[in-house]
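Okay, so here's the structure we're looking at.
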Amino acid sequence: MTRRRTAILISGGGSNMVALARDMVDPDHPARPCLVLSNRPDAGGLARAEEMGIATAVVDHRNFKGDRPAFEAEVTRALEAAETDLVCLAGFMRILTAEFIDRWAGRMLNIHPSILPLFPGLHTHARALEAGMAIHGCTVHEVISDLDAGPILGQAVIPVRQDDTPDALAARLLPMEHRLYPAVFRRFAIGDRTPVSLTS
Ligand code: GAR
């Protein structure tokens, strides 16, 4: 079995990246990490990737002064140099152009901290609370050129508590993200798009 070479794109702490990479330590996993790439040189996840023996790269978006295609060309160069088959966005906080997304069509996943199609974009936990939701959750989906849209491959839900704050909700959701993303990705890497559904 040839394991699919997987690049994981991050902007921050990289806890979802670690969850994916830990799952891929299993030699029977259909994929393996080939690169962890961040647009931020100070992303905490970079050191965590290095500790796990995964190659890392930084393409600092601030060096491209709003020239998104030039930024993405550099990202593409790094992904190609790592012979990437599949891309997992894991807390990667840059909007991607349709050209970049088309290049990876059907091969790029994202995790979003809401029950899509509810609450695309930012501040999902606060918005779920403001809307009076009784449940909250996260979604893994294929990436298409519309933001936080694309075929849903898995969702996990948690109850909202009376006294929840956005931070408390985010903290309770994160462990579910860490279960959901690897579960979906194992299937996706062998072409299985059957949706995964998890409850706490
Ligand atoms: C996660 O909650 C992820 O769902 C969210 O950022 C966090 C990254 O945490 N992603 C988005 O908001 C994407 N728009 P991590 O760096 O510890 O994985």
Side-chain angles (χ1 to χ4, degrees), residues 6-24 33 35-52 54 56-61 68 71-72 75 87-97 100-101 104 108-131 133 135-158 160 164-185 188 196-198 200:
T6 303
I8 307 171
L9 272 51
I10 63 169
S11 298
S15 68
N16 276 291
M17 175 276 294
V18 170
L20 287 167
R22 283 203 181 128
D23 200 40
M24 285 188 266
L35 182 69
V36 169
L37 183 146
S38 174
N39 64 301
R40 298 186 59 100
D42 59 350
L46 289 168
R48 300 176 81 181
E50 279 160 20
E51 279 163 24
M52 298 180 81
I54 305 168
T56 61
V58 173
V59 181
D60 189 338
H61 64 277
R68 219 175 271 279
F71 164 72
E72 290 177 349
V75 173
V87 178
C88 291
L89 306 181
F92 185 67
M93 304 306 277
R94 303 304 297 171
I95 304 262
L96 297 165
T97 65
F100 184 89
I101 290 167
W104 298 100
M108 182 157 61
L109 302 186
N110 180 44
I111 187 159
H112 181 75
S114 80
I115 305 171
L116 289 173
L118 294 174
F119 315 125
L122 299 175
H123 311 301
T124 57
H125 314 298
R127 288 159 64 204
L129 289 176
E130 275 159 25
M133 295 286 292
I135 54 170
H136 185 42
C138 53
T139 303
V140 175
H141 62 96
E142 266 183 63
V143 178
I144 62 167
S145 52
D146 293 334
L147 182 67
D148 298 328
I152 290 172
L153 298 174
Q155 292 187 307
V157 295
I158 61 169
V160 174
D164 259 332
T165 62
D167 284 351
L169 205 46
R172 281 212 324 290
L173 183 60
L174 206 51
M176 292 301 279
E177 297 191 32
H178 300 162
R179 283 176 55 198
L180 181 69
Y181 210 170
V184 170
F185 185 60
F188 184 77
V196 175
S197 130
L198 297 179
S200 54

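Atom set for the values below is all heavy atoms of this structure, side chains included, hydrogens, waters and symmetry mates excluded. Quick caveat: nothing in here was measured; it's all calculated off a predicted structure. Order of listing sets the numbers, starting from 1, for every ligand and every atom in it.
- The shortest N or O to N or O distance between L174 and ligand 1 is not under 3.5 Å.
- In the model, H112 has no side-chain atom that pairs as donor or acceptor with a side-chain atom of H141 under 3.5 Å.
- Polar contact check, E177 against ligand 1: a nitrogen or oxygen pair lies under 3.5 Å apart.
- The closest approach between I10 and ligand 1 stays at or above 4.0 Å for every heavy atom of the residue.
- Not one N or O on the side chain of E50 forms a donor-acceptor pair closer than 3.5 Å with the backbone of T56.
- The I111 neighbourhood of ligand 1 comprises atoms 4 (O), 10 (N), 13 (C), with distances under 4.0 Å to a heavy atom of that residue.
- Near G13, the atoms of ligand 1 lying under 4.0 angstrom from a non-hydrogen atom of the residue are 16 (O).
- Contact of the Y181 side chain with the L109 side chain is registered, since non-hydrogen atoms from C-beta on lie closer than 4.5 Å.
- Comparing P113, S38, A43, G121 against atom 5 (C) of ligand 1, the shortest heavy-atom distance belongs to P113.
- One N or O on the side chain of S11 and one on the backbone of M93 form a donor-acceptor pair closer than 3.5 Å.
- Within the 3.5 Å criterion, the main-chain N or O of L122 finds a donor-acceptor partner in the side chain of R127.
- Atom 9 (O) of ligand 1 has its nearest heavy-atom neighbour, among L180, N16, I8, in N16.
- Close approach to G91 involves these atoms of ligand 1, each under 4.0 Å from a residue heavy atom: 6 (O), 8 (C), 10 (N).
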From CA spacing to verdict: side-chain hydrogen bond (donor to acceptor under 3.5 Å, both in side chains), H178, S15: CA-CA 8 Å; H178 300 162; S15 68; 2.7 Å; yes
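- More than 12 non-hydrogen atoms from other residues, nucleotides or ligands lie less than 6.0 angstrom from CZ of R48.
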Intermediate values then yes/no, side-chain hydrogen bond (donor to acceptor under 3.5 Å, both in side chains), S197 and Q155: CA-CA 5 Å; S197 130; Q155 292 187 307; over 6 Å; no
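- Below 3.5 Å of separation, one finds no N or O of N110 facing any N or O of ligand 1.
- For the pair G45 and ligand 1, no heavy-atom separation below 4.0 Å is found.
- The protein non-hydrogen atom at the shortest distance from atom 13 (C) of ligand 1 is M93 SD, 3.8 Å.
- At the top of the distance list for atom 16 (O) of ligand 1, counting protein heavy atoms only, stands G14 N, 2.8 Å.
- Scanning the protein for heavy atoms near atom 15 (P) of ligand 1, the closest one is S15 N, 3.4 Å.
- Taking the six-membered ring for Trp and thresholds of 30 and 60 degrees, H136 and H125 have ring planes more than 60 degrees apart, a perpendicular arrangement.
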